[in-house]
Enquirer: 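Sending over a structure as structure tokens; questions will come in a sec.
Below, chain A is the first sequence line, B the second, and so on; all start at residue 1. Please read all numbers here as calculations on a predicted model, not as lab measurements.
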There are 2 protein chains.
Amino acid sequence: MPRPKHSGPQPDMREMILDAAWKQIAETGASGLSLRAIARAMKITAPAIYNYFPDRDALVTAMVIAAYKSFGESQLAARDAVSSEDLWGRMWATGMAYRAWALRYPERYHLIFGAPIPGDVPLSELIQPSGAHSMLALVSIVEAFRVAGKLRTVDFPRVTPEFETAYQQWRCLVGDADILSITVALLVWARVHGLVSLEIARNIPPFGPNGDELYQYELQAIAREFFKE
Amino acid sequence: MPRPKHSGPQPDMREMILDAAWKQIAETGASGLSLRAIARAMKITAPAIYNYFPDRDALVTAMVIAAYKSFGESQLAARDAVSSEDLWGRMWATGMAYRAWALRYPERYHLIFGAPIPGDVPLSELIQPSGAHSMLALVSIVEAFRVAGKLRTVDFPRVTPEFETAYQQWRCLVGDADILSITVALLVWARVHGLVSLEIARNIPPFGPNGDELYQYELQAIAREFFKE
DNA sequence: CATTGTAAATATACAGCGTTTATTTAATTT
DNA sequence: AAATTAAATAAACGCTGTATATTTACAATG
């Protein structure tokens with residue numbers, strides 16, 4: 001019979017490697033992630049890592065998925081900390097949590113929302129579900145606005161028929177919201193992402209310490225455009 | 001006496017190296033830029049490059065500055081193709097050119113607006129002027145709106161006094177616009193950047209072919225929020 | 001014209017990287 | 001105790017950026 005994984009309490013080597021990788025990425029930036037440096041920090045040899053990840057890209061993919069999970073959970077927690085009747089309160093809290101998470105983990109933010117994956121298309125199919133799912137909190141709040149009749153209705157461009165199936169696929173990951181809600185959520189997402197990513201990349205120069213207020217201003221502008229009452 | 005640079009017509013080696021670098025970045029993506037591969041393509045040896053760039057980072061920095069220049073010129077060209085009396089026409093053209101440039105050179109867009117520079121702060125001081133200057137077209141149009149009294153006025157968060165000098169520095173790079181115009185330009189920039197960067201990173205799933213329309217919708221929404229008439 | 005001075009290319013080498021292969025270690029099951 | 005086998009290691013390959021030493025070739029000078 002084959003030797004079962006381990007004897008005593010499994011040290012969950014995969015998690016330990018990921019932890020070391022996060023630590024390293026926080027110090028050296030997202031680009032300078034080295035398997036050998038991870039191994040060195042863990043006092044093992046580099047090829048040992050290959051018992052847990054087939055290659056470096058797989059490790060990065062796992063990090064991306066974990067980052068999406070952390071981000072998505074932070075979004076949901078922010079939403080659920082506010083009564084489900086206070087729709088705008090939920091939206092505000094989620095929006096504030098968005099930036100807070102990004103500023104707390106800038107390299108994770110950059111990892112998931114910044115560059116496309118090096119391996120490009122095939123890897124992103126593993127990642128896309130996590131990414132879409134992480135938007136569940138935002139989409140659900142917009143959908144709640146719509147159901148309550150408080151979504152400011154405008155005529156958005158419609159999804160072209162040939163992409164209807166792709167849309168349905170994304171839709172089920174994000175909680176069966178109406179396409180109108182998904183579109184609004186996307187536009188909201190783009191706006192907070194735009195400000196936050198500029199801020200993280202240090203492209204917002206004179207507003208550095210005032211980033212808080214500018215961001216809050218933008219959240220209110222979003223409210224004015226999309227949400228009644 | 002020392003030997004003057006070269007004899008005949010200088011082949012502008014720096015430019016040739018940069019060209020080869022752009023070619024490579026377009027094929028392998030921004031992360032896989034290799035001096036040796038550039039040298040191989042140019043049929044020279046790798047250390048020869050060090051006669052023109054002190055190290056790899058310097059080459060990347062030069063590419064970033066060149067990309068900002070290309071981007072900024074494309075912005076100015078779009079603006080100037082429309083009569084200076086047609087303010088909204090200029091804004092629309094500039095906005096459309098923004099996305100067009102990004103979709104045409106996604107790796108350049110990612111290079112300048114995506115990740116912070118690895119070398120971090122010291123390098124970015126070389127780059128910041130180029131970056132700020134590339135926003136001149138947008139800022140100038142917003143400023144023209146303001147001068148014409150067509151800027152929808154709202155009370156933005158003010159710049160804190162201790163960052164007044166940093167702001168003045170940025171301001172002169174961008175054409176002596178009023179702080180109100182700079183703030184509006186920043187918010188406009190964040191919105192187009194948000195949408196465009198999500199699109200480039202393939203994070204906008206069901207709207208792929210409809211990216212045009214969604215982007216145009218957003219430009220009009222920006223107009224509704226900020227520009228009268 | 002021959003000599004010299006110097007810019008720019010090369011050759012060589014080093015350390016670090018991801019990854020593969022072969023080998024050893026150690027634990028579990030028979 | 002013997003057999004089995006997962007997981008660690010050791011060594012090596014080709015790649016990378018970069019430093020050093022050397023060669024090449026051309027322009028200015030005596």
Enquirer: With a 4.0 Å cutoff (strictly under), does any side-chain N or O of A/Asn51 reach OP1 or OP2 of D/dA6?
Expert: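 Looking at the OP1 and OP2 atoms of D/dA6, neither is under 4.0 Å from any side-chain N or O of A/Asn51.
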Enquirer: In this structure, how many angstroms lie between the P atom of C/dA9 and the CZ atom of B/Phe53, rounded?
Expert: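 Rounded to whole Å, this separation is 12 Å.
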Enquirer: Can you tell which of D/dA7, D/dA10, C/dT10 lies closest to the side chain of B/Ile44?
Expert: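 Ranking D/dA7, D/dA10, C/dT10 by closest atom to the B/Ile44 side chain puts C/dT10 first.
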Enquirer: Can you name the nearest heavy-atom pair linking A/Gly194 to B/His193, along with the distance?
Expert: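 Closest pair (atom of A/Gly194, atom of B/His193, distance): O-CD2, 3.8 Å.
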Enquirer: Between C/dA8 atom P and B/Met16 atom CE, what is the distance in whole Å?
Expert: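 Result: 15 Å.
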Enquirer: Phosphate oxygens OP1/OP2 of C/dA7: is one of them under 4.0 Å from a side-chain N or O of B/Tyr52?
Expert: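 B/Tyr52 to C/dA7 OP1/OP2: no side-chain N or O under 4.0 Å.
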Enquirer: Ignoring hydrogens and geometry, is there a side-chain-to-backbone donor-acceptor pair from A/Tyr68 to A/Pro129 under 3.5 Å?
Expert: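 No; judged by distance alone, with no hydrogens or angles, the pair does not exist.
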Enquirer: Only one of B/Leu173, B/Val174, B/Val184 passes side-chain contact (heavy atoms from CB on, under 4.5 Å) with B/Val139; say which it is.
Expert: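 It is B/Val174; the other options fail the test.
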Enquirer: From CG of B/Leu59 over to P of D/dT16, roughly how many Å is that when rounded to an integer?
Expert: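 Taking CG of B/Leu59 and P of D/dT16, I get 15 Å after rounding.
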Enquirer: Go through the structure and list residues passing side-chain contact (heavy atoms from CB on, under 4.5 Å) with A/Ala81, not counting sequence neighbours.
Expert: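 A/Ala81 satisfies side-chain contact (heavy atoms from CB on, under 4.5 Å) with no residue once adjacent residues are dropped.
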Enquirer: Does B/Glu107 reach the main-chain N or O of B/Glu27 with its side chain, forming a donor-acceptor pair under 3.5 Å?
Expert: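 Not at all, since once roles are kept as given, no pair shorter than 3.5 Å links the two residues.
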Enquirer: For the pair made of CD in B/Gln24 and C1' in D/dT16, what is the distance, rounded to whole Å?
Expert: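 From B/Gln24 CD to D/dT16 C1': 12 Å.
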Enquirer: Could you encode protein contacts along nucleotides 12-20 of chain C as a string, one character per nucleotide from 5' to 3', using B for base contact, S for sugar-phosphate-only contact and - for no contact, with a heavy-atom cut-off of under 4.0 Å?
Expert: BB---BBBB
Enquirer: How are the rings of B/Phe113 and B/Tyr98 set to each other: parallel, tilted or perpendicular (split at 30° and 60°)?
Expert: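 If you compare the ring of B/Phe113 with that of B/Tyr98, the planes turn out parallel.
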